[in-house]
Number of protein chains: 2
Amino acid sequence: MSETQQPQSLRAVLGVRELIFSGSMRPGERLSEVALAKQLEVSRTPLRAALARLEQEGLLEPIPSGGFAVRGFSQDDVIDAIELRGVLEGTAVRLAAERGVQPAKIQIAQRLVAALDEVTGNSPEETLFEKYVDLNAEFHALLADLSGSPIVQKEIERVTRLPFASPSAFLDAQSQLTSFRASLQVGQAHHRAIVEAIELREGSRAESLAREHARLARQNLALAIEHQDLAKRVPALALVAI
Amino acid sequence: MSETQQPQSLRAVLGVRELIFSGSMRPGERLSEVALAKQLEVSRTPLRAALARLEQEGLLEPIPSGGFAVRGFSQDDVIDAIELRGVLEGTAVRLAAERGVQPAKIQIAQRLVAALDEVTGNSPEETLFEKYVDLNAEFHALLADLSGSPIVQKEIERVTRLPFASPSAFLDAQSQLTSFRASLQVGQAHHRAIVEAIELREGSRAESLAREHARLARQNLALAIEHQDLAKRVPALALVAI
DNA sequence: TGACAATTTCCTGTATACAATCTGTATATG
DNA sequence: CATATACAGATTGTATACAGGAAATTGTCA
């Protein structure tokens, strides 16, 4: 029927996510199913499935009388979500260290760190910056994988799906700062040390490092809140009441 | 139409959960929507919503060609889920200690510990045992609440929803063991120490204790696996391939 | 007898129609 | 003038019908 052969429900999920992140819907605002269905050119059935899914993801909250509203997040929520990511990534790398990982995977991690080094060392041009964002996301996904635990990995993915808790959430804002390079260097030091700790089976050190690494995001959050112009470069902050 | 005024979708969630936990459906088995709908006396629409929800809960897994299957868990998955609960409860009590909690809530925790003491001290009659299970669940729910972080609290609820990761999962099996009383005393010591640590703002100690406390469940898991007769008293283990 | 292919059956994903409930407004009454 | 009530509109929750596709069964051929 439709020219896109993508499942309608997936299109609905992507569409609503986009609408929420773009800030077109205020937190607390009730979502009209019929209006959304019309706007996204989708029937109500797959749209409803999408809304239920986004509620589980934490982007929507159910209204007692029925239907869903855009969930608003407080500044504390953002802090806690970042803290939680640090805790979970810390657990992943601790388990990796304690239980051991295949040498092949360690090598992949080392190569990723080297690639990040390359990008970090050079001048912060835009193209390289985007490359950094990708590599960074890849590295963090690998950390979750190194745990060897699908349960832990899935949970990290879930928390990371909250947009402001993602490892890349504040990179774009950060790139505008003069302290950009320095901060990236610190992050890179963390990356390198985490891999080394896993290699040496130093679980506690790996865990501590991952937690401290997540604190960088919290630091950038504070900066973004101080400078309104920076906050505008973090679309996920549209959900956060300031 | 139906005599129960409960929403159909809720009935569907409860019904499917019950069917899965009772072990009537083998892991990996595809769920037929029409059959389930007929069995639960619900239309396909709310049933579908229920299946999608249970997938997010982790009880079902999507089949590439469409539909859902009962998710099977390995022994390692159970271990990791318990570990994860320990980590998250540890985070909750650490945050409680670091950030502080209202004295009123501390008092509630202390009263719960006292109530658990009362039950633990006496002879392990059945009625008291059930009381213990309730109080224990209440205590662990309170720990999540003490974090003061809705984000952390929600995440604990989610992990705990995996039946074998719940704080009460192995209590029933444990009650059959001669070492029952001793184990309960150890758990109680943990409970008491955790509350004390929160009171004294000793975050690290509180976190360690909560993690160690979760290890009791892992210990009981090992016992249950050794003794098949015990495993039968843990319905959640129907999902676990042994 | 076994393998392959075609047909048939069944299943899911989607659309739409219907029913029940909730919300907001306007009116009537104390 | 304030409050309660009733009615109308809108919105969600549910049921069912339909279409596309996967899987199984059966029949045929080597």
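Numbered from 1 within each chain, the chains take letters A, B, ... in sequence-line order. No hydrogens, no waters, no symmetry mates; every other heavy atom, side chains included, goes into these values.
- In this view, B/Phe139 and B/His191 satisfy the ring pair (Phe, Tyr, Trp, His ring centres under 6.0 Å) rule, not counting sequence neighbours.
- Between B/Ser43 and D/dA15 there is a side-chain N or O to OP1 or OP2 distance below 4.0 Å.
- For A/Ser168, the side-chain contact (heavy atoms from CB on, under 4.5 Å) criterion is met by A/Val133, A/Asn136, A/Ala137, A/Ser166, A/Leu171, not counting sequence neighbours.
- To the nearest angstrom, P of D/dA15 lies 11 Å from CD of B/Glu41.
- Remark: B/Phe164 pairs with B/Phe73 by the ring pair (Phe, Tyr, Trp, His ring centres under 6.0 Å) rule, at least two apart or across chains.
- Under the rule for a side-chain hydrogen bond (donor to acceptor under 3.5 Å, both in side chains), A/Ser32 has no partner lying at least two apart in sequence or in another chain.
- Rounded to an integer number of Å, the gap from CG of B/Leu36 to C1' of D/dA15 is 17 Å.
- Residue B/Gln8 contributes atom CD, which lies 16 Å from atom P of C/dA19 at whole-angstrom precision.
- Residues from residues 44-51 of chain B lying near DNA chain C, meaning a heavy-atom separation below 4.0 Å, are B/Arg44, B/Arg48 in numerical order.
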Which donor-acceptor pairs under 3.5 Å do the side chains of residues 47-56 of chain A make with protein atoms, sequence neighbours left out?
{"unit_1": "A/Arg48", "atom_1": "NE", "unit_2": "A/Glu33", "atom_2": "OE1", "d": "3.3"}
{"unit_1": "A/Arg48", "atom_1": "NE", "unit_2": "A/Glu33", "atom_2": "OE2", "d": "3.3"}

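- At whole-Å resolution of the value, CD in B/Glu33 and C1' in D/dT14 are 15 Å apart.
- Sorted by first and then second residue, the side chain to side chain donor-acceptor pair (under 3.5 Å) pairs with a member in residues 12-24 of chain B read B/Arg17-B/Glu57, B/Ser22-B/Ser24; sequence neighbours excluded.
- Sorted by first and then second residue, the salt bridge (Lys or Arg N to Asp or Glu O under 4.0 Å) pairs with a member in residues 150-161 of chain B form an empty list; sequence neighbours excluded.
- Regarding A/Glu55, its CD atom lies at a distance of 15 Å from the C1' atom of D/dG13, rounded to whole Å.
- Between the C1' atom of C/dT12 and the CG atom of A/Leu10 lies a distance of 16 Å, rounded to the nearest Å.
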Restricting to nitrogen or oxygen on both sides, can you table the protein-nucleotides 22-24 of chain C pairs closer than 3.5 Å?
{"unit_1": "C/dT23", "atom_1": "OP1", "unit_2": "A/Ser65", "atom_2": "OG", "d": "3.3"}

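- Residues A/Glu89 and A/His140 have side chains that bring a donor and an acceptor to within less than 3.5 angstrom of each other.
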